[in-house]
Structure formats: C-alpha cells, structure tokens
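Scroll down for the structure; my scribbles are underneath it.
Throughout, numbering of the chain's residues begins at 1 and tracks the sequence. Both ligands and their constituent atoms are indexed starting at 1 by order of listing.
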Amino acid sequence: MAREFTSVGVVGLGTMGAGIVEVFARNGIDVVAVEISEAALERGRATLTGSTDRAVAKGKLAEADRDALLGRVNFQVGLAALHSVDLVIEAVPEHLDLKQRLFAELDRVCKPEAILATNTSSLSVTEISVATTRPNQVIGIHFFNPAPVMKLVEVIRTVVTSAEVVADVEALCARLGKVDVTINDRAGFIANALLFGYLNHAVSIFEARYATREDIDAAMKLGCGLPMGPLALMDLIGLDTAYEILDTMYRRGGRDRRHAPVPLIKQMVTAGLLGRKSGRGFYTYERPGSPRVVPDEQTPAATEAALADGARVIAKVGIGNARSELASPAVVTKVGIVGSGTMATGIIEVFARSGYEVVSVTRGVEKSATVCEAVKTSLNKGVVRGKLSEAERDAALGRVTWSATLEHLADVDLVVEAVVEELSVKKALFASLDEVCKPGVVLATTTSSLPVIDLAMATQRPADVIGLHFFNPAPVMSLVEIVQTIRTSAETTATARAVCAALGKTGVVCGDRSGFVVNALLFPYLNDAVKMLEASYSTADDIDHAMKLGCGYPMGPFELLDVVGLDVALAIQRELYLELREPGFAPAPLLEHLVTAGYLGRKSGRGFRDHTNR
Ligand SMILES: NC(=O)c1ccc[n+]([C@@H]2O[C@H](COP(=O)([O-])OP(=O)(O)OC[C@H]3O[C@@H](n4cnc5c(N)ncnc54)[C@H](O)[C@@H]3O)[C@@H](O)[C@H]2O)c1
C-alpha cells in the first residue's frame, strides 16, 4: 500500500517553491507554505495568486477551482507549522550549509514518519540527508521551471534512501500528473548536467560579443525548435540560482571547465541583475516577475524597427571592421546558386519563391535536369498542401535558369555556394567566382563547418565574402546564420541581412568560429548525453524523456542523434574540439565506436536505437 499524502509542506516560496505549492494544491493536497519573513511570504502568495489568476484568464482553471486551490494553502512564517505534514519539500536557495541547517531543523519539527525532500538542482542529496537523524527518509524531488507546466520530476535516491520512500514518492508524482525518472545522486542529475554546460557556453558566446542576445536566442529556438533561447532561460531560472548550480556542478562534477560559471554571471548577480524575478537580467522586463520583455539600451525600439524594414542596418556585433558601423545594403535582384545537392535545391526554391531571378549552376546538364525535377517536385507538394497556387509555382519556376557553366554568373548580385563540404573544392570555386563575377557582388557560402575566411582569402575580394548557413530543409527552416569573417565588410553583412529579411528568414549574425552558434551550442550537449549513457548513469529512454519533459525539447538527444546521423555528429564534434581545444568537447568514445561499427542512425537502420522494424 502506497503511503497517503494528505498534507505537505513547502519551504521557500521563490521561483520554484511557489510553483510547487500550486502543483500540490491543484491536485487536492493541503499545503503548508512556509517562508522566512512576512515580506517573503507576501511575495510568495502574490506569485501563486498571479499564476492562478492567469490560468483563470486563459480559461485553463475555473474560478471555483482557483478558490478551492487557494483555500488548500496555509501560508506561514517559520517551520513550526510543519509539525503534522506527511512530506516537506524544500526550495530555499542553493547553498549546502543553508539546506543542511534547514534539514536539521525540519528533522526536529516534523513527525518521525514524515519524508523530507529537497528540490536542489545540483547539491548532494546525501550530504543534505546526513544533517538529519532519518537519512533513509530523505530524497530529492527535482521539479522543473515552471513547476505547474513542466511534466518531468527527477526523483533522486541516495544510497540510504529506503525503497519504500522511493516507491511512495514515485506514486505521489503520478498523482500529481508528472512523469518521474528515478536516478542516483550525481551533480546535476540528468537534465541539469546536460543543460547547464550549454547555458554557460551560451553566456560565454554572448560575453565574447560573438553574437547578440537576440541572435543567440533566436538561433537556438529556430535552429533546434527549443521553447526558449538560452539567455531567456537563464533569466527565467534566475542568475543567482544558475550561478550556484554551475558552481556546485563545477566542484562536484570533476571540475569540468565548462561548468565554471562565466565571469559575467557573477558580475550580473552582484549588480542585482537576477533575471525575470528582479526585472532585469540578460533582458529587461516590464517589472520584476513579469515575463514581458521591453526595449532597453541594448535593443532600443528604434533599432528593432530599422532592422525589421532592412533599410539601414546596424551591424552591431562581429569582429573587425563590421562592428558598430552603419551600412546600407546593396540591391539584390539576381542570385546565382552553385551546387546540385539537397541544400542547393532547397535554396533555389527559397529564392525563386521570394521573387528573385535565379541562375542555378551545376557541373553538368544531367545534374541540372535532376535539380530542376527536385525543385518542381517540391513546389508541386507545396501546391498540393495549399501553400502556394499553381500560378505562383509556375512563376517561381519561370524565374530560374539552368546552367552548367559559371560564366552565367557574370551579372548576378549575389552568389550562394552550396557544393560538397570540402575545403579544396570550395576554395577553387571561390577563386573561379572571383574571376567571373562583377565587382561588388556578395559571395556567400553555405558551409556548416569550414572556416569562411579560408574561402574569402581564395578571392581578391575578401570583404565581399560571407557565410549564409541555411538549415535543412531550407524552404521550411526559418533560420539563417550570417557568418562574418574578420575581413567581411559592414555593407556585405547589411546586404546579407536584408536578403534574409526579404526571404522571410530570421538572419542571425555571428563570427566565423567552428559550429557558428547553433552547432557550437548543440553538439557538445549531444556529446555529453552520449557520455552520460556511456557512464551508465541512466538509459537512453530516460535521458530523452528528461530533456523533452523537463526542458521542453522537441526531441531527446538520442532521438536527435539518430536523425542527424552519428557520423555527422562525430565530425562536427571533432571540429569543435580541434578548434577550441576544450577537453570537455572531446568526442565520446561510445560515439566513435558506434560510427566505426556502422551504426549511423536512421539512415543505416541502427544508431542508438534499432530502426529496422519501426
Ligand atoms: N530556478 C529554477 O529554475 C530551479 C529549478 C529547479 C530547482 N531549483 C532549485 O530550487 C531551489 C530554490 O531555487 P529558486 O530559484 O526557487 O530560488 P529563489 O531565490 O527564487 O527562492 C528561494 C526562496 O527561499 C526563501 N528562503 C530562504 N531561506 C529560507 C528559510 N530558511 N526558510 C524558508 N524560506 C527561505 C527565500 O525567501 C526565497 O523566497 C534551489 O535549490 C534550486 O537549485 C531551481
């Protein structure tokens, strides 16, 4: 028989605690909600009423249910009110000494059979448990932010947590409508161990002025389908909490430099820029606690408008001569696209549908015929799906001329190169383009891993060379990474931005570093997931679950690796490791072995999972 939980206590009503109170009260459980002072108690009460009022306004909660929910919560200052609850969950700040003192006190106050749980994200549950006389009844119940929304709960058992307590807590999670994964006590558990290296890396990219906050966030949302960008997520988590989590993970998790908090985080915490809760973090919010971002000096409204209409563009970030200069984009009406693969085909369609005159150049008449067929097939699918009319399809096709010689690019305004990912081939092509194209043309490469500067230096006009990294499938994915080298001119960047805007794409500007924004932030996380699996900490299914249900990712890391291809992931990870020399970026041995064994993912029928019978 599972234990009955009729009343629970929640200690600390900040970002997490207030949400956890709501989860219990929504599910018919009485809650004693405890804070350290009257003022903090009022803040916690306001968070809970604000959240439930929003649920009512959105039609997700009936007024009567809200009133019943609030009626189940008994707000109190001090721990004494917790004497008769069946379980206490603590959500006070992430400091070991504070939590240990609190647990010692809870041990004295609570009835002997009560379970004592911590919502810690990174501290050792074992170390917290030994501050009590009942370590076998101490457990981690790690909710995700926002607690009422995110489905995942990580249940952390220590070596002494009793099996009954684990089973009771798992049954409680099910009653709360949550999905739990039960794991051992290790720094960061599953989700944070995979998330925080990525978040810290994103902050370091921002700190290095490699891309703007908006561009970093847009890249990860649009390139990976994440619900929020990393900097917006840091603001939601709270920079003080994030700092403590990173710091603990660094110390407990083998001093991996990727968890050493980026200096900017500490500076922001010291300056009181804690994120949403203080009204200002990486972004500025309407008021403390509000989710609404408002313009600030980094992105005044006027600049946003200027960027939107593409008239005059400020190339705000970037390296070398493009920084902080006003520049006018060149007029682009005719575009050359070189290549005959998946990317070239998609990019031809994108430009032709947006009204550009397109010259497609391949290495032979037969290849041109194949590409032409592929573009037609894709446009026809669009017609069938009602995305464009037959007349629009015909007009788009009418704008494309098919050629097998580069000389036909003599009068285009922009060239997009999408040939095989080999440096020697691309360099030779750029040297030829330099001879063929008129002056002032923007020469762009779609490379996803080669240095753009190598291609720029193959020409006599490096200022006109830039990366336009489209994502696959190009007609669907709205992100384009605009990669500036140290020689790219502000005008070239301005033209690239204006073209992306005209294509209806979101162009994010970044520097010429391995992986640009998306791959640099995505692949180390995937590699970390492989290392976690290799260490037998958890299963591929649970890790996938944790990232989907705890962080709202559209796919778990192993699902995604099987789609991307393990060989592709390994190649990208090797590049990142070679360029940045970061020990933590070394490819996971398991990934190397799977690739050697021919387990490449869906395309070979087997990767982390067997796809032959699916
Ligand atoms: N923020 C997140 O996204 C997140 C997600 C999951 C878990 N966590 C974990 O949850 C815990 C709380 O984090 P948070 O972000 O909610 O912090 P927070 O700073 O937003 O809230 C902490 C609250 O605890 C109160 N408090 C401090 N000392 C107290 C005491 N002795 N008795 C009662 N209340 C006290 C504070 O007044 C404050 O309201 C941490 O262990 C954190 O790692 C945070």
Evaluate Lys99 for polar contact with ligand 1, using N/O atom pairs at a separation under 3.5 Å.
yes
Using modelled atom types only, decide if a donor and an acceptor are shared between the side chain of Glu579 and the backbone of Ser514 within a distance under 3.5 Å.
yes
Mind checking whether Glu35 has an N or O less than 3.5 Å away from an N or O of ligand 1?
yes
Salt-bridge criterion met for Asp235 and Arg280 (N-O under 4.0 Å)
no
Please check this pair: side chain of Asp185 against backbone of Thr126, looking for a donor-acceptor N/O pair closer than 3.5 Å.
yes
Nitrogen or oxygen of Asn145 less than 3.5 angstrom from that of ligand 1:
yes
Could you identify the single nearest non-hydrogen protein atom to atom 8 (N) of ligand 1 and state the distance to 0.1 Å?
Ser121 OG, 3.1 Å
In the protein, which heavy atom is nearest to atom 27 (C) of ligand 1, and how far is it?
Pro93 CD, 3.3 Å
Under a 4.0 Å heavy-atom limit, does His142 contact ligand 1 with its side chain, its backbone, both, or neither?
side chain
Atom 9 (C) of ligand 1: of Asn119, Thr120, Val77, the nearest heavy atom sits on Asn119
Met16 N/O under 3.5 Å from ligand 1 N/O:
yes
Which is it for Thr15 and ligand 1 at heavy atoms under 4.0 Å: side chain, backbone, both or neither?
both
Does NZ or CZ of Arg213 come closer than 6.0 Å to the centre of the six-membered ring of Phe206, within 45° of the ring's axis?
no
Would you mind telling me if ligand 1 is within reach of the side chain of Phe143, the backbone, both or neither, using heavy atoms under 4.0 Å?
backbone
